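Okay, so here's the structure we're looking at.
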2 protein chains.
Amino acid sequence: MVTLEDVAKQAGVSLATASRVLNGSTRQVGAALRARVEQAADELGYRANIAAQTLARGAGNVIGIVVHDLTDPYFAALADGAMRAAATQGLLVMVGTTHRDPEQEIAYVATLSAQRVRAVLLVGSRVADPQVTGRLRDELARYRAGGGRAACVGQDLLGVDTVAPANRAGAAELARALAGLGHTRFAVLAGPPHLVTAADRCAGFAGALEELGLPAPQIVPGPFDRDGGHEAARRVDPDVTCVFAVNDVMAVGALAAYREAGVRVPEDVSVAGFDDIVTLRDHVPALTTVRLPLKDMGARALELALAEDVAPVVEQVAGEVVLRESVRRLG
Amino acid sequence: MVTLEDVAKQAGVSLATASRVLNGSTRQVGAALRARVEQAADELGYRANIAAQTLARGAGNVIGIVVHDLTDPYFAALADGAMRAAATQGLLVMVGTTHRDPEQEIAYVATLSAQRVRAVLLVGSRVADPQVTGRLRDELARYRAGGGRAACVGQDLLGVDTVAPANRAGAAELARALAGLGHTRFAVLAGPPHLVTAADRCAGFAGALEELGLPAPQIVPGPFDRDGGHEAARRVDPDVTCVFAVNDVMAVGALAAYREAGVRVPEDVSVAGFDDIVTLRDHVPALTTVRLPLKDMGARALELALAEDVAPVVEQVAGEVVLRESVRRLG
DNA sequence: GGCACAATGGAAACCGCTTTCCAAGGGGGA
DNA sequence: TCCCCCTTGGAAAGCGGTTTCCATTGTGCC
């Protein structure tokens with residue numbers, strides 16, 4: 001590959017001058033030389049070696065994003081938001097998918113840290129295991145000690161800037177809205193108990209029901225994805241009139257399960273989700289959910305990560321209950 | 001950040017030895033020193049600086065993948081397939097989204113090339129503009145001249161390894177299948193005319209109809225995304241009995257448009273798509289489509305890119321027509 | 001016991017670029 | 001006209017690793 005030295009030689013200038021012309025610098029270079037360098041670079045098809053630049057400058061122009069599952073619209077939206085924000089700053093994005101394995105998440109932080117990325121974004125729920133979280137914290141701390149920046153979308157458990165959706169509050173508000181429709185027998189497709197997001201939403205929902213003096217909902221655990229919702233829906237008690245899936249993809253799975261079983265939604269059972277992923281608009285019946293501004297959250301997380309803050313800032317993001325056809329008024 | 005030199009000092013060995021212990025080498029290091037180095041690295045929390053490694057080794061462990069839109073399930077599936085394949089090889093992935101701007105695609109190739117990524121994957125349709133394609137080819141050629149590898153999912157227009165879905169053949173077969181159901185008046189939600197994938201599918205479909213002696217379909221151009229399908233569906237002539245959207249997300253948009261307009265699918269109009277994106281299973285009515293093994297294609301493209309081939313290899317991928325409820329037999 | 005050779009450790013060159021530090025040239029003010 | 005300061009170009013020292021090339025030591029064999 002053609003190097004800066006080749007360009008400098010061809011232009012008959014020093015390495016320093018070539019560097020100043022081509023790769024940005026505070027220093028001025030005379031018009032004549034500048035033109036010669038640019039022409040030489042063009043003729044030779046020079047492309048700066050970013051690895052070398054990164055090494056010399058001590059900081060690169062790439063950021064890392066770690067998500068659980070890129071094919072899940074929730075993560076896709078978050079990642080897209082972050083990537084758009086990154087693009088406006090001239091940053092490249094390295095994406096890692098953990099496929100929901102917390103160990104993978106730690107490994108990615110280590111790898112991204114080794115890459116000396118400018119910032120890493122951890123997108124997605126934490127797990128309840130303090131041991132795992134501890135190791136992740138350690139890895140992050142080491143990375144940040146070396147000047148790295150980090151932010152997280154999810155729970156404020158890592159000691160870094162965090163965009164934290166109000167999972168409990170959102171779920172509670174949803175519960176009140178559904179109860180307001182006359183429902184009393186609920187089930188929660190609760191996801192995995194150790195997933196903090198899932199647990200929070202479940203707890204928020206159940207807590208609100210309790211405050212209203214309603215019976216405790218049936219808790220149906222399962223995976224946090226579409227198939228998890230599909231499968232969990234089939235374990236719901238027959239007397240339940242309203243099912244809350246702790247995220248939209250699970251709710252979509254549940255809708256499918258009901259459709260297959262010939263159970264009508266919302267006539268026979270009401271269904272609600274959480275997140276308001278964009279693809280919901282194409283599902284029938286339209287799904288009641290709690291809207292989260294996913295793209296903005298992703299973008300915001302990147303901003304936070306890049307900002308020069310002293311102490312980690314935690315930003316709460318409220319969810320907004322959106323009632324749609326998948327729930328009906330009872331009685 | 002702690003450097004290899006710190007580790008070497010702490011362990012009381014040379015830089016060379018430390019490097020050999022920690023970052024892999026053909027050379028053996030005695031057990032005693034090896035242990036000392038490992039302990040030192042562990043105590044200090046050493047993480048190799050990949051930028052430096054990349055520079056010294058002349059090749060990094062990152063691949064680049066450029067997609068049009070990561071929130072589109074089609075690209076998400078392809079990217080996920082490629083990322084899984086990359087992970088098994090210990091490669092990291094840098095993702096760029098062009099948001100369907102061909103210039104962005106060229107820019108990303110330049111940037112990734114500057115990053116000295118091991119390989120770049122261009123995922124998604126080419127555009128018909130020979131000028132743009134030419135510039136992209138140039139950029140790719142330069143990258144490959146420097147030892148970079150490249151592959152493409154889409155049309156074989158770039159002179160690189162290509163995984164090429166059989167768009168024309170798939171669409172043609174779909175047309176025959178639909179005609180076999182008794183339809184004669186077709187419309188094609190054709191996407192943008194300059195998008196080769198869209199144009200090929202459209203041409204394949206229309207060509208098959210012509211061979212069957214059926215009237216030419218109504219061609220309705222528009223954007224290649226869900227909203228494009230939604231909008232295009234409303235411009236379809238009333239006498240059309242069967243609508244082919246050149247990709248699934250457009251078909252999903254069309255289904256939504258019909259639902260909103262009170263047009264029943266398939267009773268009033270049949271609808272078919274292309275790709276068989278995984279999310280289809282949750283739409284009603286279930287969409288007839290042409291199945292493409294998206295994840296495999298992504299993985300395969302990565303393999304091709306990494307393989308040591310002399311001449312670019314082009315691999316055709318056949319599509320399989322999948323008839324589902326969204327189409328009905330006529331008469 | 002002596003020698004060739006394999007195994008192992010270290011010094012130093014190098015990867016490609018940035019940036020400090022100098023040197024030299026040029027312009028403006030006194 | 002002289003001096004000082006501001007510009008501009010270049011030499012060279014890193015950035016943090018890898019790897020070649022030696023030097024040294026230990027081993028097997030005659």
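Chain naming here is simple, since letters A, B, ... match the order of the sequence lines and numbering starts at 1 in each. Keep in mind it's a predicted model, so treat the numbers as computed, not measured.
Residues B:V196 and B:V127 have side chains not in contact (no heavy-atom distance under 4.5 Å, counting atoms from C-beta outward). In this structure, A:M1 and A:N49 have side chains that are not in contact, with every pair of non-hydrogen atoms separated by 4.5 Å or more.
When A:E5, A:E43, A:Q39 are each tested for a side chain to side chain donor-acceptor pair (under 3.5 Å) with A:Q10, only one passes: A:E43. The side chain to side chain contact (heavy atoms under 4.5 Å, CB included) test with B:L122 singles out one residue from B:V160, B:L136, B:T162, and that residue is B:L136. Residue B:L302 forms a side chain to side chain contact (heavy atoms under 4.5 Å, CB included) with just one option from B:V163, B:L121, B:D161, and that option is B:L121. Here the rule is side chain to side chain contact (heavy atoms under 4.5 Å, CB included) with B:L112, and of B:E139, B:M94, B:R118 only B:M94 fits it.
Partners of A:R126 by salt bridge (charged side-chain N to carboxylate O under 4.0 Å, His left out), not counting sequence neighbours, listed by chain and number: A:E105. Remark: A:R142 engages no residue in a salt bridge (charged side-chain N to carboxylate O under 4.0 Å, His left out) (not counting sequence neighbours). Taking the salt bridge (charged side-chain N to carboxylate O under 4.0 Å, His left out) definition, one finds that B:R135 meets it with B:E103, sequence neighbours left out. Residues forming a ring-ring contact (aromatic ring centres under 6.0 Å, His included) with A:Y143 (at least two apart in sequence, or on another chain): none. Every salt bridge (charged side-chain N to carboxylate O under 4.0 Å, His left out) that B:D72 has, sequence neighbours left out, goes to B:R100.
Between B:N61 and A:Q115, the side chains place a donor N or O and an acceptor N or O closer than 3.5 Å (distance only, hydrogens not considered).
Taking NE2 of B:H99 as the start and CG of B:D101 as the end, the distance is 10.0 Å to the nearest 0.5 Å. Atom CZ of A:F224 is separated from atom NE2 of A:H194 by 10.0 Å, given to the nearest 0.5 angstrom. Separating the CG atom in A:L33 from the CD atom in A:E38 is a distance of 11.0 Å, to the nearest 0.5 Å.
Nucleotides of DNA chain C with any atom under 4.0 Å from a heavy atom of chain B span, from 5' to 3', C:dT8 to C:dG16. Where DNA chain D meets chain B (any atom under 4.0 Å from a heavy atom), the bounding nucleotides read 5' to 3' are D:dG16 to D:dC21.
A salt bridge (charged side-chain N to carboxylate O under 4.0 Å, His left out) check over residues 306-317 of chain A, counting only residues at least two apart or in different chains, returns the pairs A:R149-A:E308, A:R300-A:E315.
Within residues 29-38 of chain B, the residues having any heavy atom under 4.0 Å from DNA chain C are, by residue number, B:V29, B:G30, B:L33. Contacts between residues 47-61 of chain A and DNA chain D, defined by a heavy-atom separation under 4.0 Å, are made by A:L55, A:A56. The stretch residues 10-22 of chain B touches DNA chain C through B:V13, B:S14, B:A16, B:T17, B:R20, each having a heavy atom under 4.0 angstrom from the strand.
Across all non-hydrogen atoms, the minimal contact from B:A301 to B:V153 is CB-CG2, 3.6 Å.
When the C1' atoms of four end pairs are superposed on the next four at each end of the helix from C:dG1-D:dC30 to C:dA30-D:dT1, using five pairs per end, the two resulting axes differ in direction by 40°, to 10°.
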